[in-house]
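When a ligand or atom number is given, it counts from 1 through the structure's own listing order.
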Amino acid sequence: MPLAEIEKNLEHWVHEVFAVTSFLELEKLKAELLGRAGVVTSAFKLMKDASAIEKKSMGERLNKVKSELENAFSLQRKKLEDYEITERLKGETLDVTLPVSCDRFGGLHIISYAMRRIRNHYLARGFRVSDGPEIETEFFNFDALNTPRHHPARQSQDTFYIEGTNGVLLRTQTSSVQIRTLQKHGIPVRMISIGKTYRNDALDATHSPMFHQVECLIADRSPISLGHLKSELRKFLQFFFETDDVSMRFRSSFFPFTEPSVEVDCRCMKKNGQLIITEKGDKWLELGGAGMVHPNVFRNSGITGDAYGFAFGFGLERLVMLKNGITDIRNLFDTDQRWLQHYEC
Ligand code: PHE
């Protein structure tokens, strides 16, 4: 379309943009006018045959048309968004002055429920259930866990440090509770700890800057082997997933506080679009880390003499999501009542 005609049509197009009532229509019109094969873009392409002087003035005129159209599109998009929000709010308003209906008393969040379940199970088995602060010192979160000064996990891309303090941080792992428990109670000890941990990760379907970990530590004066770890892990998985149908494997890994260290995988398969744990699975899914307690961890916790132990640490969200077929971690921390009611326990 010749430039003069484009300019003549501009007003009409702007009117058209402002008359659009849906995002779909808006995108369609935008493609027609400003898209790769749209009127304005095609006119830019025609300029290549013009002389240098002509090119300059045509370019300026076309850019003016383009920016007026772009402006109209973005104004209309904003208007549609506002409209959508208002309409949604109208449909979802909650009158907090209405009398409370007594047929619903609420329930436990699926994460709280899982925490209670694990806690009660281990209490019944005679374990100590330990807690530690979420605001920790570098000593408990890193130093005592045998983590070298310049270990990458310490960097602020991974760890939230509290401003204005000297190495106070939001704990990145519940392994800090291993040290607190060893210091306080010595060995032998059988401990489980479940709580919040924090990492400087962006929120997406599988990551959250806050999540929960389940930590287990068993330590004694007499020898404990990798075999004991494997047996305890199997018990945990069978209990958590409420099935004997679990098959797991160890992959060699590294954690500063365990030696040897392993990554625990478990067999699973896809059934009706959902991952399920089963011995017959054809895939391996990584569940968490584990290993034999490093002698420095005992030493740093003030334990002298013979000491043996193992520990493991799993992300609770991951386990809960797997068990319940939840695929987006963000759902767990949203406040969508429909979702929460569906999964409450
Ligand atoms: N703390 C480790 C992590 O957050 C997991 C772990 C716990 C590994 C205990 C070994 C032993 O990744």
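When the shell of 6.0 Å around CD of Glu11 is examined, it contains 12 or fewer heavy atoms from other residues, nucleotides or ligands. Within a 6.0 Å radius of CZ in Arg116, other residues, nucleotides and ligands contribute 12 heavy atoms or fewer.
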Working for side chain to side chain contact (heavy atoms under 4.5 Å, CB included), residues Thr172 and Thr197: CA-CA 5 Å; Thr172 60; Thr197 52; 6.0 Å; no
With a cut-off of 3.5 Å and sequence neighbours excluded, list every side-chain donor-acceptor pair involving residues 17-26.
from: Thr21; atom 1: OG1; to: Glu25; atom 2: OE2; distance (Å): 3.2
from: Ser22; atom 1: OG; to: Glu25; atom 2: N; distance (Å): 3.1

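Relative to the ring axis of Phe211, Lys196 does not place its NZ or CZ within 45° and under 6.0 Å from the centre.
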If you look at each N/O of ligand 1, which protein N/O atoms lie under 3.5 Å away, and at what distance?
from: ligand 1; atom 1: 1 (N); to: Gln173; atom 2: OE1; distance (Å): 2.9
from: ligand 1; atom 1: 1 (N); to: Ser175; atom 2: OG; distance (Å): 2.9
from: ligand 1; atom 1: 4 (O); to: Arg199; atom 2: NH2; distance (Å): 2.9
from: ligand 1; atom 1: 4 (O); to: Gln213; atom 2: NE2; distance (Å): 3.0

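When all heavy atoms of Asp244 and Gln238 are compared, the pair lying nearest together is O-NE2, 3.6 Å.
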